[in-house]
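Following: one structure in structure tokens, then a few remarks.
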Amino acid sequence: MSSEHALDEGKAIPSLVPARMDRLPWTRFHWMIVVGLGVSWILDGLEIQLVSLVGNTLKEGATLGLSTQQIGLLASIYLAGEVVGALFFGRMTDRFGRKNLFIITLVVYLAASGAAGLTWDFWSLALCRFVAGMGIGGEYAAINSAIDELIPSKYRGRVDIGVNGTYWGGALIGSAVGLVFLDQDLVPIEWGWRLCFLVGPVMGLVIIYLRRHIPESPRWLMTHGRVEEAERTVDEIERKVREQGGELREVTDDEAINVVDYPPVTYREIARVMLRDYRSRSFLGFSMMVTQAFLYNAIFFTYALVLKSYYGLDDSGIALYFFPFAIGNLAGPLLLGHFFDTIGRRKMILGTYATSAVVLFVTALLFNAGALSAFGLTALWCVVFFFASAGASSAYLTVSEIFPIELRGQAISFFFAISQLTGGVVAPFLFTSLIGEGENPARGPLAVGYVLGAVVMLIGGLIAWFFGVDAEGQSLENVAKPLSARERASATRFQGTAPRLPSTDAQGRRITPVLPEPEQPRPEDPEPPPGREDR
């Protein structure tokens, strides 16, 4: 790697890295990225589902003999770990690179989840769950950043949305594994729950090998003064693409972007960029993440109680009802993701949020009237979350592409933490309190809760329509100008919804202001005609 840094030399360096990455055709190289990085959401869904299933088993004296309160606390501890991990590793991924962090966070998860299968009491298990949550929370920041920066702009929306939706594929795997390992006729009770905690690490060991072959984000390298290394990385990616049959168009100099080596972003600068320069986008990200998290956690964490309280289903029957619920959640992002790139972000976000809201409102009316069986309620939930799951995934896509690359990981982690804390704490508590008691519990309060959930989702969709960014097909650098970018005569035009340009605080950050140097005519070149600028 060259030792020349734009910051040290006080000059901007032109780079074609974004243009070269965005014009790549889809090849096996991109499938490697999707599989190698997308497994994070599968692991998260697997973890949460398995832990919810082993809860009753861990109460048995032959296992850890935990109380009901301790089982509930384990879920909260895992959630807290995700929040802490997202905030900590999100900053690290912006500072030290995407690849370093998506290797580290996976190793943290593997070690902690595997160790959970060897624990001997509540506190040892709680510690392992917290650390495993940190690893998964860090994955959200590092992986979303890497996927957005490595996938061509033409496919970025559908890939990000589809990958986020695979959480429910992990939940399905977890349910299937639980049916085997927690069946005492097949596996002894003292071993079944331990094996459940080893399923995720076994999957992760296979993926960590694949991740070693995924390159560092050239965009991250470019904005951290390592322009030559970024160009070499793109050279290698293009070589692989050609070997796999891809055809590449030529890029022109007017597609270049001028960048300087930008120092690590301070917390003060993050606050300035997000709360002043990108204030409307921060409001957009906050609204989308909180509204989808509220709906999801409100229904997902109480669906078993609803089926048991109002329809008298036992635990085994409830487990079977989970499968269609999860399939609907998985199918939505996979089938609708394509339209976020073709129809457009704002139209599809409003469409998915609003459609899920309307169906949930109808569900509330039918549920309150007693017109739904357990099957009918579950079927309507499937329709609600077919659309809501795509909308929720688009929330993660949105917050990962509308902020400058220098703080992308931290932006993702910030909004992820907010959504987890609001949706994960407020919604389950509220909806649990609305479920009636006794043999024939009142349906009215819960129906009102469903109406509230519908209103919240509709508001989220409307905010996205009015404040959203038409990012489909746009280079990330067009959607959000990098803090390290400097204008020049032939610089890329930054399009899309334009916020105030972020202040770089050149004096406070000791960044030498960069001015384009006029081109000097070579001796053999004729002098330009009077009155015309040489371009």
Counting only N and O atoms by type, is there a donor-acceptor contact under 3.5 Å from the side chain of [X] to the main-chain atoms of [Y]?
{"X": "Ser67", "Y": "Gln70", "value": "yes"}
{"X": "Thr223", "Y": "Trp220", "value": "yes"}
{"X": "Glu401", "Y": "Asp148", "value": "no"}
{"X": "Asp160", "Y": "Arg156", "value": "no"}
{"X": "Ser393", "Y": "Ala390", "value": "no"}
{"X": "Ser282", "Y": "Met274", "value": "yes"}
{"X": "Thr93", "Y": "Gly90", "value": "no"}
{"X": "His224", "Y": "Asp94", "value": "yes"}
{"X": "Glu216", "Y": "Lys99", "value": "yes"}
{"X": "Asp341", "Y": "Arg158", "value": "yes"}

Worked check of side-chain contact (heavy atoms from CB on, under 4.5 Å) between Arg219 and Glu477: CA-CA 9 Å; Arg219 284 179 153 103; Glu477 290 71 27; 2.8 Å; yes
Just so I know, are the side chains of [X] and [Y] near enough to count as touching, which here means a heavy-atom distance under 4.5 Å?
{"X": "Val399", "Y": "Met289", "result": "yes"}
{"X": "Trp193", "Y": "Leu58", "result": "yes"}
{"X": "Asn329", "Y": "Phe300", "result": "no"}
{"X": "Leu295", "Y": "Thr291", "result": "no"}
{"X": "Leu73", "Y": "Phe122", "result": "yes"}
{"X": "Pro201", "Y": "Tyr109", "result": "yes"}
{"X": "Leu74", "Y": "Leu66", "result": "yes"}
{"X": "Pro441", "Y": "Ile435", "result": "no"}

Between Ile349 and Met288, does the side-chain contact (heavy atoms from CB on, under 4.5 Å) criterion hold? Intermediate values first, please. CA-CA 9 Å; Ile349 293 171; Met288 288 187 65; 3.7 Å; yes
Minimum-distance pair of heavy atoms, taken over all atoms of [X] and [Y]:
{"X": "Leu53", "Y": "Ser175", "result": "CD1-CA, 3.8 Å"}
{"X": "Phe340", "Y": "Ser394", "result": "CE2-CB, 3.5 Å"}
{"X": "Ile412", "Y": "Ser400", "result": "CD1-CB, 3.6 Å"}
{"X": "Ala374", "Y": "Leu313", "result": "CB-CD1, 4.2 Å"}
{"X": "Ala395", "Y": "Tyr353", "result": "CB-OH, 3.8 Å"}
{"X": "Gly468", "Y": "Leu284", "result": "CA-CD2, 3.8 Å"}

Six-ring centre of Phe467, Arg279 cation under 6.0 angstrom, axis tolerance 45°: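 Negative - Arg279 is either too far from the ring of Phe467 or too far off its axis.
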Does NZ or CZ of Arg281 come closer than 6.0 Å to the centre of the six-membered ring of Phe403, within 45° of the ring's axis?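 Checked: cation-pi criterion not met.
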Take atom [atom1] in [X]; do more than 12 heavy atoms of anything else shown fall under 6.0 Å from it?
{"X": "Phe286", "atom1": "CZ", "value": "no"}
{"X": "Phe361", "atom1": "CZ", "value": "no"}
{"X": "Arg194", "atom1": "CZ", "value": "yes"}

Mind running side-chain contact (heavy atoms from CB on, under 4.5 Å) on Phe431 and Asn297 for me, showing each step along the way? CA-CA 9 Å; Phe431 274 68; Asn297 290 289; over 6 Å; no
Please identify each residue that fulfils side-chain hydrogen bond (donor to acceptor under 3.5 Å, both in side chains) with Glu149, with sequence neighbours left out.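 With sequence neighbours excluded, Glu149 shows a side-chain hydrogen bond (donor to acceptor under 3.5 Å, both in side chains) to Arg98, Ser217, Arg408, given in chain and number order.
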Which residues pass the side-chain hydrogen bond (donor to acceptor under 3.5 Å, both in side chains) test with Tyr78, not counting sequence neighbours?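 Tyr78 satisfies side-chain hydrogen bond (donor to acceptor under 3.5 Å, both in side chains) with Asp44 only.
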As a test of understanding, state which of Arg345, Arg346, Lys347 forms a salt bridge (charged side-chain N to carboxylate O under 4.0 Å, His left out) with Asp470.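 Option passing the salt bridge (charged side-chain N to carboxylate O under 4.0 Å, His left out) with Asp470: Arg346.
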Given Leu372 and Tyr311, is the side-chain contact (heavy atoms from CB on, under 4.5 Å) satisfied, shown in steps? CA-CA 10 Å; Leu372 294 176; Tyr311 298 99; 4.0 Å; yes
Pairing donors with acceptors under 3.5 angstrom, does anything connect the side chains of Ser419 and Gln292?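 Side chains of Ser419 and Gln292: no pair found under 3.5 Å.
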Can the ring centres of Phe385 and Tyr296 be said to be less than 6.0 Å apart?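 Yes.
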Verify ring-ring contact (aromatic ring centres under 6.0 Å, His included) between Phe89 and Tyr140, making sure each step is shown before the conclusion. CA-CA 9 Å; Phe89 289 119; Tyr140 275 99; over 10 Å; no
Classify the ring geometry of Phe325 against Trp168: parallel below 30°, tilted from 30° to 60°, perpendicular beyond 60°.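 Perpendicular.
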Point-to-point distance, once rounded to the nearest 0.5 Å, from [atom1] of [X] to [atom2] of [Y]:
{"X": "Ile161", "Y": "Thr166", "atom1": "CD1", "atom2": "OG1", "result": "12.5 Å"}
{"X": "Leu335", "Y": "Ser389", "atom1": "CG", "atom2": "OG", "result": "10.5 Å"}
{"X": "Leu446", "Y": "Leu452", "atom1": "CG", "atom2": "CG", "result": "11.0 Å"}
{"X": "Leu64", "Y": "Ser124", "atom1": "CG", "atom2": "OG", "result": "7.0 Å"}
{"X": "Phe322", "Y": "Tyr303", "atom1": "CZ", "atom2": "OH", "result": "5.0 Å"}
{"X": "Met348", "Y": "Phe339", "atom1": "CE", "atom2": "CZ", "result": "7.0 Å"}

Of all residues at least two apart in sequence or in a different chain, which pass the side chain to side chain contact (heavy atoms under 4.5 Å, CB included) check with Ala364?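 Checked Ala364 against side chain to side chain contact (heavy atoms under 4.5 Å, CB included); matches are Tyr450, Val451.
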